[in-house]
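Throughout, a chain's letter reflects where its sequence line sits, starting with A, and its residues are numbered from 1. What you are looking at is a predicted structure, and each value in this text was computed from that prediction instead of being measured.
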2 protein chains.
Amino acid sequence: MTTKETTRRSRRGSGAITLRDVAKLAGVAPITASRVLTSPERVSPENRQKVLDAVQRTGYVPNRLAGGLASARSRLIAAVVPSTVMSVFMETIESLNATLFDAGYQLMLGQSGYSPVREELLLEAIIGRRPDGIFLTGILQQGKGRTRLLASGIPVVETWDLTPNPIDMLIGFSHQDIGREVARFLIGRGRRKLGMIRANDERAGRRAHAYAAAATQAGLPPITDIDVGASRSLKSGREALRALLEQNPEVDAVFCSSDLLAIGALTEARARGISVPEQIAIIGFGDVPFVADMVPALTTVHIKGANIGRLAAGHLIDRAEGRDVDQPVIDVGFTIIERETT
Amino acid sequence: MTTKETTRRSRRGSGAITLRDVAKLAGVAPITASRVLTSPERVSPENRQKVLDAVQRTGYVPNRLAGGLASARSRLIAAVVPSTVMSVFMETIESLNATLFDAGYQLMLGQSGYSPVREELLLEAIIGRRPDGIFLTGILQQGKGRTRLLASGIPVVETWDLTPNPIDMLIGFSHQDIGREVARFLIGRGRRKLGMIRANDERAGRRAHAYAAAATQAGLPPITDIDVGASRSLKSGREALRALLEQNPEVDAVFCSSDLLAIGALTEARARGISVPEQIAIIGFGDVPFVADMVPALTTVHIKGANIGRLAAGHLIDRAEGRDVDQPVIDVGFTIIERETT
DNA sequence: TTGAAAGCGCTAACAT
DNA sequence: ATGTTAGCGCTTTCAA
């Protein structure tokens, strides 16, 4: 009775039920209760039942902050995306999240907003949470962010791109190949005056370069390239087609850096009575869910976004659980889906 | 020299730089280093500088798991959305996330996938992380989830709906009012045979009911209601319009439960040579970014999604920091934006 | 203004 | 199979 185990302490704490409470109620040591929840097979059926009953009765929900701190495994995965609204990446995030959740991991979402400054801050915030893995949309070439990530030792998977020197794991495809193949595709269908409408992000830039190079290599005149800046809206697609036609009225094919821009171009073409694909062929990028069912259905470059998410989740989980990843770099490729606009 | 401070312990720990390391390097106590990072004004300029230097030199990133555990403030906010792909909620999530990030909070994203079972599991996983606040898309009527949330004591904001008995805070609008006003809007423009195309979610159901009731009340024949199930694709919008016309060839106005369904209906109408708005008026819901610039531009119900996110973040942060929220329930309303399809 | 001590709630390590 | 002990890395409390 003079022992201190019933002593008031209580100047801190959230007041929530703890593992201690559960263990006390079940009449076992805290570690036994802990084992019931993490490796039930290592506890006798009787004790297991007692603990589970206590959990039920108290409505106990384990504090993963504490668990993560003690075990150095947060079961948190962080994902960085440039943007979430109408973004081609969300399919990837959705499957990433679903796969992670089923394996007992939680997703933290960060938006870099296409800004390097913000990305820097974001990475610091992320590392502070000690996630078991980090998912990056795109790749991270040199810079402070890359250094920090490397130093953190946290498993990283870069995606939606390819690079000879990934930080760690990589699941993507070649933007250069896409640009080249789209050019060949259009040329193969008799197009000769190629145009491009694109947002000014780095990946779209690489697609554009390869596209232009392939055109030149085929002996065509230089492509007409319209940069819409940061905006990826349907509206800027419309405006861009207008600008494109002004610069080069003879253009007979346009590669757009996103489906939304392509729909904008398509809309503008229709508004001007330009027939697609007869006078102008239009091809998008991303194959967002609804472009297949429009009239005319959009020809576009399909990326298996959900697949990227699933693979990335698998890799990250493997690494988090100490398993080796046999194929740390995967090229998931792409497909040009021909529909009615080419 | 016989003190234990230099004793090897090292059987645990992640090996990362800790506050201890920084403090040692700066020649101060850990708590002083801690203060530099949380309340710098309480530390002398000299010590402050020494600590900041040490942070720089070591590349120290505070472990927020440990901080959260010690302070009972995780600076984590959890958000539950039904889906992320092409979803009208993403604008809300984006502004929620941005506002939270600027205030030093991190967002955890959970997908309920429109399934109550999954939602249940998700809530348990979320509560386990001890977030400082929870953002819910939609409202949570009775059920285990609601009970658990209430029991957790975590601040909750429900959104995108209204209810007389919110769990805690609420930022939304009335789906019933929308249904009624859309009906009145169409009737006011001379439409008499109203149709509805909708996904089978509960909120769309309430809009549909009010819409139907308003039609009946105005002395119109019963509306024709097409349920597309769980699918919200453009394709199902097309199929739905087909079904609608089969059931009721005379229909002269269609209210769709999402913009994507509306675009589907629009597409099908065009494919069949039905002129919009002359023969059929079409109105959507959500006002996703690009429907304003299509041809024809879609008439739709606009919700200030970004506003909901910002307000919700503000409320959650206020509550997390112990401030009172003077307007825990906010009706952000809606606007019918008339464009070219009505 | 600074620091020592004592935890936050959990789990790894080492017994038994 | 179960328990004891000692932390994880930080912050609160209390004292100087």
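- Separating the CZ atom of R73(B) from the C1' atom of dT12(D) is a distance of 14 Å, rounded to the nearest angstrom.
- End-to-end axis angle of the helix from dT1(C)-dA16(D) to dT16(C)-dA1(D), using five pairs per end and rounding to 10°, comes to 30°.
- For N63(B) and dC8(D), the shortest distance from a side-chain N or O to OP1 or OP2 is not below 4.0 Å.
- Within the 4.0 angstrom heavy-atom criterion, only backbone atoms of the sugar-phosphate kind lie near P62(B); the bases stay farther away.
- Note on S34(B): a side-chain N or O is less than 4.0 Å away from OP1 or OP2 of dT11(D).
- Between the CG atom of D21(B) and the P atom of dG9(D) there is a distance of 9 Å, given to the nearest Å.
- Other residues, nucleotides and ligands contribute only 12 or fewer heavy atoms inside 6.0 Å of the CG atom of D324(A).
- Contact between the side-chain N/O atoms of N47(B) and the OP1/OP2 oxygens of dT2(C) is found at a separation under 4.0 Å.
- T32(A) has a side-chain polar atom (N or O) that falls below the 4.0 Å cut-off from OP1 or OP2 of dG3(D).
- Contact annotation for R35(A): base contact, defined as any heavy-atom pair under 4.0 Å involving a base atom.
- Between S44(A) and dT2(D) there is a side-chain polar atom (N or O) within less than 4.0 angstrom of OP1 or OP2.
- The side chain of S14(A) contributes an N or O atom lying less than 4.0 Å from OP1 or OP2 of dG9(C).
- Rounded to the nearest 0.5 angstrom, I171(A) CD1 and L96(A) CG are separated by 9.5 Å.
- The residue A29(B) sits close only to the backbone: its heavy atoms come under 4.0 Å of sugar-phosphate atoms, none of a base.
- dC10(D) atom P lies 21 Å from atom CZ of R130(B), rounded to whole Å.
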If you apply the rule salt bridge (Lys or Arg N to Asp or Glu O under 4.0 Å), what do you find for D21(A) with R57(A), and how did you get there? CA-CA 11 Å; D21(A) 301 327; R57(A) 292 229 301 278; over 6 Å; no
